[in-house]
Protein chains: 2
Amino acid sequence: MENKLYLTPKQEKVLNFIRKRVGERLPPTIREIGEELGFKSTGTVRDYLRILMQKGLVRRMNNKSRAIELTERASFNKIPIIGTIMAGKPNLAYEEIQGYVDSDDLFLGRLGFDDVFALRVKGDSMVDAGILDGDIAIIKKRPDACNNDIVAALLDNNEVTLKRLRSKSGKFHLEAANANYPPIFEEFKVIGKLITVIRKY
Amino acid sequence: MENKLYLTPKQEKVLNFIRKRVGERLPPTIREIGEELGFKSTGTVRDYLRILMQKGLVRRMNNKSRAIELTERASFNKIPIIGTIMAGKPNLAYEEIQGYVDSDDLFLGRLGFDDVFALRVKGDSMVDAGILDGDIAIIKKRPDACNNDIVAALLDNNEVTLKRLRSKSGKFHLEAANANYPPIFEEFKVIGKLITVIRKY
DNA sequence: TGACATGCCACACAAATGTGTGGTATATTC
DNA sequence: GAATATACCACACATTTGTGTGGCATGTCA
C-alpha cells in the first residue's frame, strides 16, 4: 500500500465534497457534485470519480443512484490509532497505524483526517488526571497548546508520551499526573493536544 | 411529544430495513424497500413511508432518490443521555433524555436502542477508577453484572449513581472509588453495566 | 347497511440519475 | 512535430427512481 497520495486541488475538492455529503448521511449524485464544483458536464464529474476510484479513495456501484462509498483510507469518520511516531516525519507513517477509531460529529466535531489522531495510552503516569492504561486518547495536531494542557509530546528517544504541559519562568516542561513520576525537563516537541479520552470496559 | 409509539409489525420491519441500510451508509430506494419486504407495488411502500413520516420517525425530500432520513427518535446511531430514571418504569421516560450521543459500531458494537444508554457523570465519587465529573458513561442495560463491575444503580431516592458492585458474604453493596465516600448498603437496583467512558476536553 | 380505515396491487408518467461517445483547449514530454 | 495527460464541455440515451391515480379486498364501527 503506497503511503504517498497526490491529489490535485480539484480532485481534493471533489473528495471533500463527497466526504461532507456522506457525513451528512446522503452521498451526492453526479450532477450534485458538478453543481457544487462548477462543472457543467456530468462527464467531467465522472472523469473525477474515475480518478478517485483508481487512487483507491472511492468505491461505486453501477447504475445505482448516489452509490458512492468512501474507502477506509478516505473516510473522515475513521481516525487512525497509531503506536509510535517516527521522529522527523511530519506526517504519520501508515505502517504505524494499529487500527481505526470510528469517530463522529458528537465526539470530535468535524475535524479533518489530517488534524486528528488517536493514541492508546500506556502506563499509569496520568492516573491522577483520570487517564488509565489502555485508554484511547484523541489528539488534535499542532494546536494552540498552552500551560496546563495535556499534550502528546515527542521525546528525544522517539517515544511519544502523554503529559501535562507546564511553564515555569518562561520555560516549558512536562509533568506526569502521578507522584511516582518525576517531571521531564529534557528536550521534547509538542505534537498535539488531548481533546478526548475513550475507555472501553 | 408523545412517548408511546405503536408500530404494526410490518411498519417496524420497514423501519428496521431503513435503519439497516442507513447504517450501511446508503438509504434504500422505494423499490428496494418493496423488494426486501415483499411488496409488489411502489405505492404500498409509499403508504408505509407516509405512515412513518406521520409518526415522526422519518423525514424525506421530494423528488430526490434515496432521500430518506431517520429522525433522532428512530435512529440506531443515537443513544440517549438521560438524567434521572423514574422508579418503577421499566422503560426510560423520554422526558428524562437530556440529549443524544452519537454512537458507532466501533465504540459500542451494534447494540439496539433498547439496550444501551449514556449517563453524564456527576461528582467525584469514582475518581480513583479514572471516572471524572462530566464524563459520559455508556451503560448496557440488564447485563450479567457481577462482582467488581462498575454499574449504574438506582437508589431508593430515585437517584442514579455510578458505583462499583461488591459482594460480601453473599450480599451485594455499592462502593465508591474515592476514600471520602462510604460504601452504600441501602436498597438499590442495578440498571446496567458500564461499558465505555468518554471524556471531552 | 353505510362509512371508514387498513393493507395491498397495477400501471402510467415524469423527474432524477447514470452511461457513453465525441469534442476542444492547454500543457508536457520525447 | 507527435504522443500523451490534464481538464473540461455537449449531448443523447437508458435506467433508475419518485409521483400519482385508481382499484380491490378485508375488517371495524355505528
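Each chain gets a letter, A, B and so on, in the order its sequence line appears, and its residues count up from 1. This is a predicted model, so every value here is computed, not measured.
Summary of the strand contacts: B:T44 and A:R50 both lie near DNA chain C, and taking for each the nucleotide with the nearest heavy atom, the more 5' one is attributed to B:T44.
For the pair B:P27 and B:E32, the tightest heavy-atom approach, listed with the atom from each and the gap, is O-OE1, 4.5 Å.
Rounding to whole angstrom units, CZ of residue B:F39 and P of C:dT6 are separated by 15 Å. Separating the CG atom of A:D47 from the P atom of C:dT21 is a distance of 13 Å, rounded to the nearest angstrom. Rounded to an integer number of Å, the gap from CG of A:L26 to P of C:dA16 is 15 Å. We find that CG of A:L52 is positioned 12 Å from P of D:dA7, with the value rounded to whole Å. Look at CG on A:L37: it is 13 Å from C1' on D:dC8, rounded to the nearest Å. Remark: C1' of D:dT6 and CD1 of A:I51 are 8 Å apart, rounded to the nearest angstrom. Distance A:K40 NZ to C:dT24 P: 18 Å, rounded to the nearest Å. Between A:E35 atom CD and D:dC9 atom C1' the separation is 16 Å, expressed in whole Å.
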Write down the protein N/O and nucleotide N/O pairs, taken from nucleotides 18-20 of chain C, whose separation is under 3.5 Å; answer none if there are no such pairs.
{"residue": "C:dG18", "atom": "OP1", "partner": "A:R66", "partner atom": "N", "Å": "2.8"}
{"residue": "C:dG18", "atom": "OP2", "partner": "A:I30", "partner atom": "N", "Å": "2.8"}
{"residue": "C:dG18", "atom": "O3'", "partner": "A:N63", "partner atom": "N", "Å": "3.4"}
{"residue": "C:dG18", "atom": "N7", "partner": "A:R31", "partner atom": "NH1", "Å": "2.7"}
{"residue": "C:dG18", "atom": "N7", "partner": "A:R31", "partner atom": "NH2", "Å": "3.4"}
{"residue": "C:dG18", "atom": "O6", "partner": "A:R31", "partner atom": "NH2", "Å": "2.7"}
{"residue": "C:dT19", "atom": "OP1", "partner": "A:N63", "partner atom": "N", "Å": "3.3"}
{"residue": "C:dT19", "atom": "OP2", "partner": "A:R46", "partner atom": "NH1", "Å": "2.8"}
{"residue": "C:dT19", "atom": "OP2", "partner": "A:R60", "partner atom": "NH2", "Å": "3.2"}
{"residue": "C:dT19", "atom": "O5'", "partner": "A:R46", "partner atom": "NH1", "Å": "3.3"}
{"residue": "C:dT19", "atom": "O4", "partner": "A:T42", "partner atom": "OG1", "Å": "3.3"}

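Applying the ring-ring contact (aromatic ring centres under 6.0 Å, His included) test to A:F185 and every residue at least two apart in sequence or in another chain returns A:H173.
Side-chain N/O atoms of A:Y48 include one lying less than 4.0 angstrom from OP1 or OP2 on D:dC8.
The NZ atom of B:K64 sits 10.5 Å away from the OG atom of A:S65 when rounded to the nearest 0.5 Å. The CG atom of B:L165 sits 5.5 Å away from the CZ atom of B:F172 when rounded to the nearest 0.5 Å. Distance CD1/B:I68 to CZ/B:F17: 9.5 Å, rounded to 0.5 Å.
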Scan the side chains in residues 124-136 of chain A for donor-acceptor partners under 3.5 Å anywhere in the protein, sequence neighbours excluded, and list what turns up.
{"residue": "A:D124", "atom": "OD1", "partner": "A:Y181", "partner atom": "OH", "Å": "2.4"}
{"residue": "A:S125", "atom": "OG", "partner": "A:K163", "partner atom": "NZ", "Å": "3.1"}
{"residue": "A:D133", "atom": "OD1", "partner": "A:G123", "partner atom": "N", "Å": "2.7"}
{"residue": "A:D135", "atom": "OD1", "partner": "A:R199", "partner atom": "NE", "Å": "2.9"}
{"residue": "A:D135", "atom": "OD2", "partner": "A:L132", "partner atom": "N", "Å": "2.8"}
{"residue": "A:D135", "atom": "OD2", "partner": "A:R199", "partner atom": "NE", "Å": "3.2"}
{"residue": "A:D135", "atom": "OD2", "partner": "A:R199", "partner atom": "NH2", "Å": "3.0"}

